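First up is the structure itself, then whatever we jot down about it.
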There are 2 protein chains.
Amino acid sequence: MSVAVTPSGKSPAPRDTQRIYSIAELAREFEVTARTIRFYEDEGLIKPRRQGTQRLYSAGDRARLGWILRGKRLGFTLAEIKELLDLYHVDRTGLQQMRELLRRSRLHIEDLERRRRDLDAQIGEFKDVEMHVAAELRQRGADPESD
Amino acid sequence: MSVAVTPSGKSPAPRDTQRIYSIAELAREFEVTARTIRFYEDEGLIKPRRQGTQRLYSAGDRARLGWILRGKRLGFTLAEIKELLDLYHVDRTGLQQMRELLRRSRLHIEDLERRRRDLDAQIGEFKDVEMHVAAELRQRGADPESD
DNA sequence: GTTAACGTTTACGTAAACGTCAATGTGGGT
DNA sequence: ACCCACATTGACGTTTACGTAAACGTTAAC
């Protein structure tokens, strides 16, 4: 997919575009195990090239992995992430496919915005807690910033 | 905990404060199964009163369940949610405890804000997709709003 | 008095997402 | 020639969060 291949949305910082990565490199960079990356491949989420039996990851593969992991952090299952990734790889030339893509994108956005409301609510609550506790500490003559 | 017992943060809408709920009522309201609610009890997340063998849920229990489920939607494990809930039930009078509460709250807020960045990034990406696809459809003389 | 709707406990089953061996291969340095 | 770090493919184990079924006890309706 092209989405998120470039974090900022443009100017992919053409440097390193040609680099290839070993599985261990990516594992270190993203703080996952090689087992995890292979597992994602088994599940059809990444398809690195092979040099004989060894896996070679392109910059695109690397970006894709990053995207997968961000999806995970957001609480999506691998199946959902795969669906979203696939959304861009299937034929996008047909009118029906484009409508479908549009529809799914909108649904996904709704989903994300629901999560955002939950998230903002929790952040608000805990900031409240922080404020009140800090105030109480000060009132007792203690410095909230000292451990 | 008092956090989120009142969704808006104040004026708990004192009505219904006395109501009690059956497990089936809560299950319907929150769209989970009774099994799920009992499971949360097994894990120590809720402790409803008992009338003989049956469970009676107070308004507080209900709010607590809502909070748990929101935590789940945010991707926290039950263990993490339990930790957060417990944070408020332990002794909060001592200085050390208050400092600890403050520290944990701040860590949690950082965590939540990290998630928010991920979330905003994804929302941005998908809004981009939406825009581009809609534009392309229009350019082809198709109405993006018709299914 | 029995059917229905609700409740209970106990216990085994399951899907997701890896972890953890085991057995084996491979390329590079000394 | 030997070691070391890194790679591979099974295959079985583990944790989390429930689902599902069995076997049973209330209460209200018909």
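Since we're looking at a predicted model, the values are computed, not measured. Lettering follows sequence order; numbering is per chain, from 1.
- Nucleotide D/dG19 holds its P atom 10 Å from the CZ atom of B/Phe39, rounded to whole Å.
- If you check residues 74-82 of chain B against DNA chain D, the residues with a heavy atom closer than 4.0 Å are B/Thr77, B/Leu78, listed by number.
- Residue A/Gln51 contributes atom CD, which lies 19 Å from atom P of C/dG25 at whole-angstrom precision.
- Cation-pi contact between A/Arg19 and A/Tyr21: present, with separation from the ring centre below 6.0 Å and deviation from the ring axis of at most 45°.
- A/Glu41 pairs in a salt bridge (charged side-chain N to carboxylate O under 4.0 Å, His left out) with only one of the listed residues (A/Arg55, A/Lys82, A/Arg49), which is A/Arg55.
- Taking 4.0 Å as the cut-off between side-chain N and carboxylate O, B/Asp61 and B/Lys47 do not count as a salt-bridged pair.
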I'd like a list of close polar pairs between nucleotides 3-7 of chain C and the protein, N/O only, cut-off under 3.5 Å.
unit_1, atom_1, unit_2, atom_2, d
C/dG7, OP1, B/Ser22, OG, 3.3
C/dG7, OP1, B/Ala24, N, 2.9

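- Between B/Lys127 and B/Glu130 there is no salt bridge, since no side-chain nitrogen of the basic residue lies less than 4.0 Å from a carboxylate oxygen of the acidic one.
- Rounded to whole angstrom, the span from the CD1 atom of B/Ile46 across to the C1' atom of D/dC18 amounts to 14 Å.
- Side-chain contact between B/Arg50 and B/Leu56 is absent, with no heavy atoms from C-beta onward closer than 4.5 Å.
- D/dC18 atom P lies 12 Å from atom CG of B/Asp42, rounded to whole Å.
- Under the 4.0 Å criterion applied to side-chain N and carboxylate O atoms, A/Glu80 and A/Arg104 are not assigned as salt-bridge partners.
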Please list each protein N or O that sits under 3.5 Å from an N or O in nucleotides 20-23 of chain D, with the distance.
unit_1, atom_1, unit_2, atom_2, d
D/dT20, O4, B/Arg35, NE, 3.0

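- With hydrogens and angles ignored, the 3.5 Å screen pairs no side-chain donor or acceptor of A/Arg99 with any backbone N or O of A/Gly94.
- The distance between atom CD1 of B/Ile37 and atom P of C/dT9, rounded to the nearest whole Å, is 13 Å.
- The residues B/Arg106 and B/Glu110 are annotated as not salt-bridged, no charged nitrogen and carboxylate oxygen being separated by less than 4.0 angstrom.
- Contact annotation: B/Tyr40 does not reach the phosphate of D/dA17 (side-chain N/O to OP1 or OP2, under 4.0 Å).
- Under 4.0 angstrom from either OP1 or OP2 of D/dT16 there lies no side-chain N or O belonging to B/Lys72.
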Walk me through whether A/Leu137 and A/Asp143 qualify under side chain to side chain contact (heavy atoms under 4.5 Å, CB included). CA-CA 7 Å; A/Leu137 278 174; A/Asp143 178 6; over 6 Å; no
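- Look at A/Arg115 and A/Asp111 and you find a salt bridge, because one of the NZ, NE, NH1 or NH2 atoms lies within 4.0 Å of a carboxylate O, short of that distance.
- Grouping the Ile, Leu, Val, Met, Phe, Trp and Tyr side chains by contacts below 4.5 angstrom, directly or via other members, places A/Leu84 apart from B/Met131.
- Residue A/Tyr57 contributes atom OH, which lies 11 Å from atom C1' of D/dA7 at whole-angstrom precision.
- Taking atom CZ on B/Arg73 and atom P on D/dA17, their separation rounds to 16 Å, with Å as the unit.
- Closest contact between the side chain of A/Thr33 and the listed nucleotides D/dC18, C/dG19, C/dC18 involves C/dG19.
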